[in-house]
A.B. asks: 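Structure incoming, see below.
Residue numbers begin at 1 in each chain, while the letters A, B, ... track the order of the sequences. Bear in mind the structure is a predicted one, so any value in this text is a computation, not a measurement.
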Amino acid sequence: MQEAADYLAALNPSQLAAVKHDGSSLLILAGAGSGKTRVITTKIAYLIKEKHIDPYAVLAVTFTKKAANEMKERAVALEPRAEYAQIRTFHSWGAYFLRAHAEAAGISKNFTVYDDDDMVTLLGKAVPSLSRQQAALAAHKISLAKDYCCTPDSERLCTISDDPQFADIYAAYEKRLRETGNVDFGDLIMLPYLVLRDNGALRHAMHLRYRVIMVDEYQDSNVAQYLLLQQLAGVEESSGTYVCVVGDDDQSIYRFRGAEVQNILNFQNQFPGTDVIRLEMNYRSTSEILACADSVVRHNGGRLGKTLVAARGKGKLPTLVFLPTQDDETQFCAEIIAQAYQNGTPYSEWAILYRTNAQSLGFETEFLHRKIPYTIVGSLKFYEREEIKDALAWISFVANPRDEVAFRRIVNKPVRGIGAVSQDKVVAAGAGVSLLAGCRNVKLSKKAQEGIQAFCALAEEFTAMLGESVPAAGTAVAETSAADGATGNAAPEEYAAAAGNPAPAASGAKLAEFVEAVIRKSGLEEFHKSQDDVSGTQKLSNLQELVNSAVLYPCTRQGLLDFLDHIQLDRTLETEDSAAPRDSVTLITLHNTKGLEFPRVIITGMESGIFPRDDKTGGELEEERRLFYVGITRAKNELYLTSCGLRRLYGRTNFMQPSPFLAEIGAGRLRVLGQKPSSFGSERAGDEDPLARRYRKGTGIYHDDYGHGQVIGTETSPDGELVIRVSFESGGIKKFLPKYQEKSLMIED
DNA sequence: AGTGCAACTCTTTTT
DNA sequence: GAGTTGCACT
């Protein structure tokens, strides 16, 4: 009892109301930093503790593995029985459901998940007339269609693509995908929805099972997820399942991935009788920072509306810094971080935020130079590396020999003389059944035939290692103890030797050894070792990293599938390994900051065209604005915004104007440093510029890229520097900034 | 089938 | 400017 009082006493009145709420659906509008996770986890604990809900009947879904892990951890800390609640990502729940109901969904129970690249590969084969780029575009559209639960025959497909052939392309892709037995990410949501929609008994069983369903970050859910939630909750069937969604419409930033803000805006209509509780007390940021955030997001229409109240003090006024160039920007950031470090502020208190990954480069260079440790979040993706995808393809193929994409990836790597033509023949012969059967049934050239033979032998050997298709149970038991001994020594060579025996690997073996054997025997190790030798890459050690990550899984088919699910459904978890310095500055895209907080934040590149991008209008512009809002609300104590007058973009130097978002923050909410560009109402720069004399109107110019030309006019850049306009004989008119580009501007008489 | 060079195109990306 | 794609050549 005492314990119960304690964990509830930590809540403010609205949080407590959200935890105790019952009787109808609930929408919790949780502003940034309002203790959202605390509310969800406390509610889970409360339901189990106080309301005697069976933990097994609780389903809580999030969007990222990280969020799911954190939620589980914190709920279990409050109530140990929460261990048995289903707390997972939407997609991992989908995978779990589909493994149990593979047949109803029309897929293999040994399915693996195709990522975006795999989709493009498969689509390229399903519709060969598509160029690589067309295939990539169509694959993206197919993903989007699935995010909206549109099948190829759906009437709403035209809202996804106006290409009249799109439905056929989509249908061809689906046919080919079903032949592989695999699914793509969209299927992990859409297929469970379709299965439940069409199977009343199963739906009813789900209603009986899940008495409580909670969804986190609901503003980033897509239509398919909404439809799935509707089926699971049995809204129209009075299932009595309690639904609680938590989110913040102001932080919806994944529309381009199919997220539909309307889900949260319309929740009250879609789930009749919904109560709404707002969490508006912000425990993260000082009030000056929140004032900026509010003044920005206020410019958006169609909000549910929320006003954050700072639980903390006023704090420092956020700072806006105008800088001449992007190099000044990186230097400025490095400088204030280094100075703060001198005064005892750890590097880890700082985060540098940018709109695009490409912007990280300058900071990396500068920080390297100044020996400021940094960590880049989310740029290098472990699972997307060639060697990792190769190894995973082999493993996936062993799990599911209908996997065409995996087959094509590995069958001729290293070279076995099996070219595209031979591959097509094998796939045609084995489609929908088994590509290994296809290998055996197909007639190929002598060279290709030999290669296929070697490939099949490998595949069969690896399959045998999973310890199934055992001829006699008795031998398997006998082999178990023997192999256990070998495993204890963990010597890969020993295992390899043991695996050479006709008897299958035993149940005690670790999957890591299987993965290692696959990598070595398939020739991938040798193949990538030579790549390392030539290009100085780290492919071999990356492969070793993959082997290590399999150590916790048993060497069985189930262990293998679990391992693949883990990899496919937790892709953010790159190797958080060795190189990461303990105390370091975080370099991160604005998107990736969602859910994070830092004592000191610098949002860089606050320039029109970069942030927001200049092609953004209407709803998309509002999404950019929300992204800015997310960025601002990451800051606890200090916030800096930087804006450059000149930026290199795609190899060209461009004049930049300050982001329109800056003007939306009212005057007086920012301390402004640096030279204000003219558009912000600054006085003109001084009169006599020595450069102006050299580059007078009429001056002849020779430029390496553009040839001969003549200065036809001069003006002043946003930061008061001389700008010349040059008309070239070749036809274009270009602007130059002599101060920075003098080297490429030769003066002619 | 593998290599080399010219041409293209550049967001964001939980799963 | 850089990384990638696609074609042509061997």
Side-chain angles (χ1 to χ4, degrees), chain A residues 61-69 88-95 113-117 119-120 124 131-137 140 143-144 146-147 183-190 216-222 224-225 251-259 353-362 377-379 381 383-384 386 412-423 445 447-448 451 565-573 588-596 605 609-616 620 623-624 626-628 630-631 647-654 705:
Chain A
V61 289
T62 64
F63 284 84
T64 69
K65 190 80 166 201
K66 196 176 156 203
N69 289 342
R88 57 200 314 169
T89 65
F90 247 120
H91 288 87
S92 94
W93 184 86
V113 183
Y114 280 150
D115 67 18
D116 295 357
D117 280 345
M119 282 183 79
V120 175
S131 73
R132 168 106 199 158
Q133 203 170 16
Q134 289 170 320
L137 181 69
H140 178 245
S143 295
L144 222 49
K146 291 190 174 186
D147 287 344
V183 299
D184 54 31
F185 273 111
D187 284 338
L188 290 175
I189 308 298
M190 185 169 83
D216 191 16
E217 305 280 14
Y218 193 66
Q219 76 281 353
D220 285 327
S221 62
N222 59 37
Q225 285 158 339
Q251 294 187 64
S252 173
I253 56 172
Y254 282 106
R255 187 167 114 149
F256 67 95
R257 287 282 287 177
L353 279 47
Y354 37 78
R355 179 67 234 274
T356 67
N357 283 309
Q359 288 167 256
S360 74
L361 192 66
V377 176
S379 69
K381 283 157 192 156
Y383 57 86
E384 276 178 14
E386 181 196 6
N412 204 30
K413 195 171 191 174
V415 180
R416 296 187 182 90
I418 305 154
V421 179
S422 303
Q423 290 174 24
S445 70
K447 193 174 65 169
D565 274 355
H566 168 79
I567 301 230
Q568 291 293 352
L569 303 178
D570 187 12
R571 324 188 89 206
T572 41
L573 200 87
I588 189 169
T589 62
L590 283 150
H591 280 90
N592 270 326
T593 61
K594 202 176 76 171
L596 303 180
I610 296 271
F611 188 36
R613 282 177 64 88
D614 40 16
D615 53 351
K616 300 287 184 187
E620 286 193 318
E623 178 142 321
E624 294 274 298
R626 290 194 290 268
L627 189 56
F628 187 32
V630 167
R647 183 177 291 277
R648 285 186 301 277
L649 222 49
Y650 307 137
R652 286 254 160 263
T653 303
N654 292 62
D705 291 350

A.B. asks: Among the nucleotides B/dT9, B/dT14, B/dT15, which one has an atom lying closest to any side-chain atom of A/Asp220?
C.D. replies: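 Selected nucleotide: B/dT14.
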
A.B. asks: Is the shortest side-chain N to carboxylate O distance from A/Arg257 to A/Asp147 below 4.0 Å?
C.D. replies: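 Here A/Arg257 does not pair with A/Asp147 in a salt bridge, since their nearest N and O are not under 4.0 Å apart.
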
A.B. asks: Of all the choices, B/dT15, C/dG6, B/dT14, which nucleotide is nearest to the side chain of A/Arg132 once you look at every atom?
C.D. replies: C/dG6

A.B. asks: Output the rounded distance in Å from CG (A/Asp147) to P (B/dT12).
C.D. replies: 19 Å

A.B. asks: Got a salt bridge between A/Lys594 and A/Asp220, using NZ or NE/NH1/NH2 to carboxylate O under 4.0 Å?
C.D. replies: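 A/Asp220 and A/Lys594: salt-bridged.
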
A.B. asks: What is the distance, to the nearest angstrom, from the CZ atom on A/Arg355 to the P atom on B/dC10?
C.D. replies: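 My rounded result for the distance is 15 Å.
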
A.B. asks: Given atom CD1 of A/Ile588 and atom P of B/dT14, what is their separation to the nearest angstrom?
C.D. replies: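 For the pair A/Ile588 CD1 and B/dT14 P, the rounded distance is 11 Å.
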
A.B. asks: Expressed in angstrom and rounded to an integer, what is the separation of A/Leu353 atom CG from B/dT12 atom P?
C.D. replies: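 From A/Leu353 CG to B/dT12 P: 14 Å.
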
A.B. asks: In this structure, how many angstroms lie between the P atom of B/dT14 and the CD1 atom of A/Ile567, rounded?
C.D. replies: 16 Å

A.B. asks: Taking any heavy-atom pair under 4.0 Å as a contact, classify A/Gln133: base, sugar-phosphate, or nothing.
C.D. replies: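 The residue A/Gln133 makes sugar-phosphate contact but no base contact.
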
A.B. asks: Using the P atom on both, measure B/dT12 against C/dT5 and round to a whole Å.
C.D. replies: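 Approximately 16 Å lies between the P atom of B/dT12 and that of C/dT5.
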
A.B. asks: To the nearest Å, how far apart are A/Leu188 CG and B/dT15 C1'?
C.D. replies: 8 Å

A.B. asks: Tell me whether the side-chain N/O atoms of A/Asn592 come closer than 4.0 Å to OP1 or OP2 in B/dT12.
C.D. replies: no

A.B. asks: Is A/Tyr650 stacked on the base of B/dC10 when the test is centres under 5.5 angstrom and planes under 30 degrees?
C.D. replies: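 Stacked: centres under 5.5 Å apart, planes under 30°.
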
A.B. asks: Where the side chain of A/Arg626 meets the backbone of A/Ile253, is there a donor-acceptor pair that is under 3.5 Å apart?
C.D. replies: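 Not at all, since once roles are kept as given, no pair shorter than 3.5 Å links the two residues.
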
A.B. asks: With sugar-phosphate meaning primed atoms plus P, OP1 and OP2, does A/Arg648 contact a base, only sugar-phosphate, or nothing at under 4.0 Å between heavy atoms?
C.D. replies: nothing

A.B. asks: Please tell me which of A/Ser92 and A/Asn412 maps to the more 5' nucleotide of DNA chain B, matching each residue to the nucleotide holding its nearest heavy atom.
C.D. replies: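 Whichever sits nearer the 5' end wins; that is A/Asn412.
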
A.B. asks: Choose from B/dG2, B/dT15, B/dT12 the nucleotide whose nearest atom is closest to any side-chain atom of A/Val415.
C.D. replies: B/dG2

A.B. asks: Is it the case that the side chains of A/Ser360 and A/Asn357 hold a donor-acceptor pair, with the cut-off being a distance below 3.5 Å and no angle test?
C.D. replies: no

A.B. asks: Please pick, from B/dT14, B/dT12, B/dT9, the nucleotide with the shortest atom-to-atom distance to any side-chain atom of A/His591.
C.D. replies: B/dT12

A.B. asks: Nearest nucleotide by nearest heavy atom, which residue falls closer to the 5' end of DNA chain B, A/Lys447 or A/Thr89?
C.D. replies: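 The residue closer to the strand's 5' end, by nearest nucleotide, is A/Lys447.
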
A.B. asks: If the cut-off is 4.0 Å, is A/Asn222 near the phosphate of B/dT14, judged by side-chain N/O to OP1 or OP2?
C.D. replies: no

A.B. asks: Closer than 3.5 angstrom, by distance alone: can the side chain of A/Ser445 be matched with the main-chain N or O of A/Ala448 as a donor-acceptor pair?
C.D. replies: yes

A.B. asks: Could you tell me whether the phosphate oxygens of C/dG6, OP1 or OP2, come under 4.0 Å of any side-chain nitrogen or oxygen in A/Ser131?
C.D. replies: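 Negative; the distance criterion is not met.
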
A.B. asks: If you take atom types as modelled and just measure distance, does the side chain of A/Arg257 reach the base of B/dT12 with a donor-acceptor pair under 3.5 Å?
C.D. replies: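 Not at all, since no donor on one side and acceptor on the other fall under 3.5 Å apart.
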
A.B. asks: Measure NZ/A/Lys413 against P/B/dA1 and give the value in whole Å, please.
C.D. replies: 15 Å

A.B. asks: Round to a whole Å and report the spacing from CZ of A/Phe256 to C1' of B/dT12.
C.D. replies: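 So the two atoms are 4 Å apart, to the nearest Å.
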
A.B. asks: Do any N or O atoms from the side chain of A/Glu623 and from the backbone of A/Arg255 form a donor-acceptor pair under 3.5 angstrom?
C.D. replies: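 A pair under 3.5 Å: yes.
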
